[in-house]
Amino acid sequence: MSQLDGDGQVVAGCTDFLPGLRRGSRIGTLVDITRIPELRGIRIEMDHWRIGATTTWTELIKHPLPKAFEGLKLAAREVGSVQIQNSGTIAGNICNASPAADGVPPLLALDAKVEVCTPAGSRVVDLEDFITGVRRIALKPGELVSAILVPSVAESTGSSFLKLGSRKYLVISIAMVSAAISVDRSGTITDARIAVGSCSPVATRMPELEKALNGRQARSVVDRLEVTVDQVASLAPIKDVRGSAEYRIHAAAELCRRAAIQAAGRATCELASTDAETAE
Amino acid sequence: MNLLRFNLNGREVKVADVPAAERLSETLRERLLRREIKVGCNAGDCGACTVLINGDPVCACLTLSHQVQQRDVATIAGQVAQGGIGARLADSFLAGAAAQCGICTPGMVVSAAGMPANGATPSETDVKDALGGVLCRCTGYRKIIDSVLHAHGVGDLPASKSGIAPPGIRMNRVDGSRKILGTDEFGDDIAPPEALVVKIVRSPYARATFTIGDLDSYVKENPGISCVLTARDIPGINRFGVFPQFVDQPVFAESETRFVGEAVAAVVGNPEFMWWFDPNGFPVSWQELPAVSNMDDALAENAAQLHDRYAGNTLCSGRVCTGDPAEALEAAEISISRSFRTSFVEHAYIEPEAGFACVKDGKLVVHACTQAPHMDRDSLLDILALPESGVVVVPTAVGGGFGSKLDLSVQPYLALAAKVTDRPVRLCYSRTESMQSTTKRHPASISLRIGASAEGKLSGLEFRGLFDTGAYSSWGPAVTSRVPVHASGPYEVRDYQAMSQAVLTNSAPSGAFRGFGVPQASAALETAIDELAQELGIDALEFRLRNCLDNGVPTVCGQVFSQGVGIRACLQALESGWTKTRTEAFELNVERESRGDPLRRGVGLAAAWYGCGNTALPNPSTIRAGIRRDGAAVLHQGAVDIGQGSNTVIAQLFVDALAIENMELELAGADTDITPDAGKTSASRQTYVSGNAARMCASSLRRQVARSLNAGEDAALSLDGGRIEVTGSGDRRSLDLASLPVNESGYVFDCQETYNPPTTPLNESGQGRPYAQFGYAAQIAVVDVDVGLGTVAAVQFIAAHDVGKIINPSLVEGQIHGGIAQGLGMALMEEFVPGVTNNLHDYLVPTIGDIPPIETILIEEPDIHGPLGAKGLGEHVLIPTAPAILNAIHHACGIRIRSLPATPSRILAALKETAIGS
Ligand SMILES: Cc1cc2nc3c(=O)[nH]c(=O)nc-3n(C[C@H](O)[C@H](O)[C@H](O)COP(=O)(O)OP(=O)(O)OC[C@H]3O[C@@H](n4cnc5c(N)ncnc54)[C@H](O)[C@@H]3O)c2cc1C
Ligand code: FES
Ligand code: FES
């Protein structure tokens, strides 16, 4: 840790670090954290799941996590390519703080928190507060991220992830949406969480949309859901080679609609299967 | 203490003093000389560098060498040597023709070998997921998918012979194994690690003047630098270009730079120093000037002028006219006017430009990836002011070219640096440098008016195409001369006027790219033809059949072919597929609509033709061959194989014409000292032009042999233990090769022959015989459009191509697949924005997930000029793809996209517009 003061820099999978390296740029001490066992692996602790900082996307895909993590796993499968998934880590994705980081919307939809290891001990920050801007995070010199913490969620939670790009594989998102929807025994939505990425400097939740979903029957959402552009108007997309700002808003609304329908559908399936188990 | 140890292909290696930030790709290639690791981007975007670490595929370019401490690293060599799946993959990649240029192949095979082995037989989707991280620009991926599945025991590959097979028979590429194992040496694979490194200092501005500072103190302050080169160091002419009347591009800019990335200086230094080299520290000051960034600006009244010698920023223009189009359009039942735009398209071959040079026996030897070794040499002689004996160009394996490696890139810097330092030097462009500074496909701005009679016969076509040729001429003149000849498409148009104009802008030069402007023109024409057919209520295929060219029907240049016109056959071959896919699409859409599915299926069609060889210009190929005393025939074949397979095809044609049984063939590389000029690998000319020269050469060798045997020209000959015998007919005459005198080239027989296609110059109206032969094509594209998001996924292609005579089915199919993949990229995703999309992260080319099954239908309508009737193919393959896709998008959802690429953003905007309109 002491190396992290001064000119030290944490590196993990290096899939963001090396492509960003400029010729001639000064490289300080590189601190490779991928061999620290405490930072790796996924396990359940008390009231949350702990995903070690250097957990790779491939490890995440392979882990038998509960259904609520489906959205996160789908995102993991869409990160770059197998090569990138084998090296890239979940904390690296968050710390790189790209607006297009695929891991962020599903983690926001899961109310994830970031465990920061400081020279004095550790602190926990909400992911929403951790990423503060494009390539900006709430990390002081000498600190590193040790884990992502995901609070345990109701069993009847369905989640989804949809990524929009101009090609298959190896593509930076034009927009992506993740939804996590929990229902009660009657199939009523108790907690809808939807997050959109690539359409604002930092991926954000869609509180208005969530409010409109809460209290509705999940089944009726599956049958019919409209999401208007106005409902996602809080987004502030940029125009770039991947798409116009107007296009991004429309795509975001449509992706929110589809992601919510998928998550609601999965939640009702979960409900049916837990019902079946209880009945046995 | 800084000792790196790991297992490489099962053996422990130790490397000392590896810097902390060194990438594994570099350690493997430069310290351990494992050059089978290929590097295409250094950024994770291409996957060419894939290795297995503890069994998992990762990019060696994104791994710090120290991260493999005590781990197992496997490269292609290890995977194949190990036997098992690695070896099976290598075999099926060879038999399945899954490698073309081969630069991506080791990465592909390693990724496939690293596929999770969960015991289950993999599906096509599993294969795509496993290989989605490796880009291939040549093959269109389908043969790769088939080969991987086959290696896992799924599906059959068509039987393919090893050794030289007769024309028409499927055979493995002669250089296939080398490519698969990664031992084929590309531009950056030749140099020894200690060679001096050349780096280029480039303009950060589209247009600027500059002053170079105090170089002496710069060199003194940086002891790692051997020398700095600028325009002042050019001993000869600081200019190069393709056409003698248009030699206008400086090696180093002299006072003004004209595009972002133009070279102003080169720094040569030792590899340790150059590893850290930062061009920003180079002493140069810039004065940015207002730049002309597009054609509208360039043609504006007070536009800044790029070159004094080209008035009005117009490089050149072209024209073909016949009949009276204005009158015909007036008389037409209907006519439409349309405008159409396309973008810069980057070649995006996976191998960036690279090379190595040294001085050997007083001669400059330049190894580089090139499509035109003789033209390179001639340019270097002018630049360096050397006599013909002063330079030899040795082409390395070429990791994709598609037109851009016809122009000089690294060659003059390497030659000059080797000459000045008298030391071996190397230069490899970074991906960004490659994208910034080498040629592009011309963006086009096309307007056309086209009419048809009530019976559906075309009546009048006026076409005007502006082509953004960038800052220097490159192949701009080839585009302006070729486009007006082809803008009619393969149709009978009696009343026609087509004009083309190449416009200079402050962008990277636009040059040759598969099709020389014809794909752009064809996209505009074929979508308009679709509209005409629709307005007249005539089926799109039927409409094309009513208008297509035939033997005896004059082209717009007044050229009448009495034979060999194959477009009707191509269109007819699509009839059943057309009906089937259109019917299926209709039924599917009804069903989708009823269940609220946002996908819509569409089926589109387009036809194309393409003249093989240079337009109305002499275009010779010379081939030399000899027979050695030991009975081997040696083919001196200067037609560079850039992946398309000329090494294989020309050998097949040669051996067939030589027809001496049991005679082994050796290929002598395209080194300019030992091979005569077979012209450039461009204009789909190598099979046709060099193929003819090779056959002429073989025939004349055969005549010499037969004469020595007092046998007739057609006698059956065979080689048996160093003797050539006349076989059959009971005749036992024989010739002992060892008894014959050897000439100064080391041969007992040798000869050299030249073939030049019979063409004539065009007159002022563009009338004449521009090409000796055309090839023809028609393609169907089937797509799904997501009307909620504007995305398009191709579902299927059916491609009918008239190739005259199939020489090697694998290579023909490979060209078609690869062309379709590039056409799809151009249609849906590729747009080079100067200064913005400078890497393969932001510039998207199709991945393995984007290319659907392709059904190829090969038509053999022989051409009397072609070797055994064969026609060229390399460029034809992508011309119909983009318009077929655009027509399919229209069929799916009723919108016409007239600006390429048809990105989701553009498609959704068009959908919204029509929704508002209706
Ligand atoms: C070809 C390619 C395709 C890609 N595709 C995608 C994609 O589709 N979607 C996507 O979201 N991303 C994509 N990425 C980006 C990247 O792979 C991911 O963001 C990845 O998760 C980064 O993890 P890493 O371990 O490689 O990070 P590194 O490169 O090792 O680190 C990234 C940054 O985070 C810091 N850091 C890393 N770990 C910690 C820690 N524990 N504590 C504090 N700081 C830390 C590093 O100092 C560095 O600044 C792609 C990258 C490439 C090269
Ligand atoms: S070179 Fe490593 S991915 Fe391109
Ligand atoms: S064969 Fe794949 S890039 Fe050339």
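Below, chains carry the letters A, B, ... as their sequence lines are ordered, and counting in each starts from 1.
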Within the structure provided, determine whether [X] and [Y] are in side-chain contact (heavy-atom separation under 4.5 Å).
| X | Y | value |
| --- | --- | --- |
| B:H66 | A:L30 | no |
| A:L18 | B:C61 | no |
| A:Y169 | B:L135 | no |
| B:D56 | A:T58 | no |
| A:S166 | B:P904 | yes |
| A:Q83 | B:V134 | yes |
| A:C14 | B:Q67 | yes |
| B:L908 | A:E246 | no |

Under a 4.5 Å heavy-atom cut-off, does chain B meet the side chain of A:R77, its backbone, both or neither?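 Nothing of A:R77, per the 4.5 Å heavy-atom cut-off to chain B.
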
For A:A252, which atoms come within 4.5 Å of any heavy atom of chain B: side chain, backbone, both, or neither? neither

Interchain contact, [X] with chain A, by part (heavy-atom threshold 4.5 Å):
| X | answer |
| --- | --- |
| B:R23 | side chain |
| B:T837 | side chain |
| B:D129 | both |
| B:V836 | side chain |

Which of the residues [options] is involved in the greatest number of heavy-atom pairs with chain A at under 4.5 angstrom?
| options | result |
| --- | --- |
| B:T50, B:L131, B:T791, B:V833 | B:T50 |
| B:D842, B:T903, B:D786 | B:D786 |
| B:A21, B:A43, B:A20, B:P57 | B:P57 |

Closest approach of [X] and [Y], non-hydrogen atoms and distance?
| X | Y | value |
| --- | --- | --- |
| A:R258 | B:G788 | NH2-CA, 3.6 Å |
| A:I84 | B:G44 | CD1-O, 4.1 Å |
| A:G243 | B:S905 | CA-OG, 3.8 Å |

Check step by step if side-chain contact (heavy atoms from CB on, under 4.5 Å) holds for A:R167 and B:V845. CA-CA 8 Å; A:R167 72 174 176 194; B:V845 301; 4.1 Å; yes

Counting heavy-atom pairs under 4.5 Å with chain B, which one of A:K168, A:E254, A:R248 comes out on top? A:K168

Stepwise side-chain contact (heavy atoms from CB on, under 4.5 Å) test for B:L64 and A:D32: CA-CA 9 Å; B:L64 295 174; A:D32 174 19; 5.5 Å; no

For A:R35, check side-chain contact (heavy atoms from CB on, under 4.5 Å) against everything at least two apart and list the hits.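 By the side-chain contact (heavy atoms from CB on, under 4.5 Å) rule, A:R35 matches B:Q69, B:R71.
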
Does atom CZ of A:R219 have more than 12 heavy-atom neighbours, drawn from other residues, nucleotides or ligands, at distances under 6.0 Å? no

Distance from A:N86 atom CG to B:I53 atom CD1, nearest 0.5 Å?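 It comes to 9.5 Å.
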
Distance, nearest 0.5 Å, that separates CG of A:L21 from CG of B:L62: 11.0 Å

After noting the C-alpha distance and the side-chain angles of B:V58 and A:V82, does the key distance pass the side-chain contact (heavy atoms from CB on, under 4.5 Å) rule? CA-CA 8 Å; B:V58 301; A:V82 166; over 6 Å; no

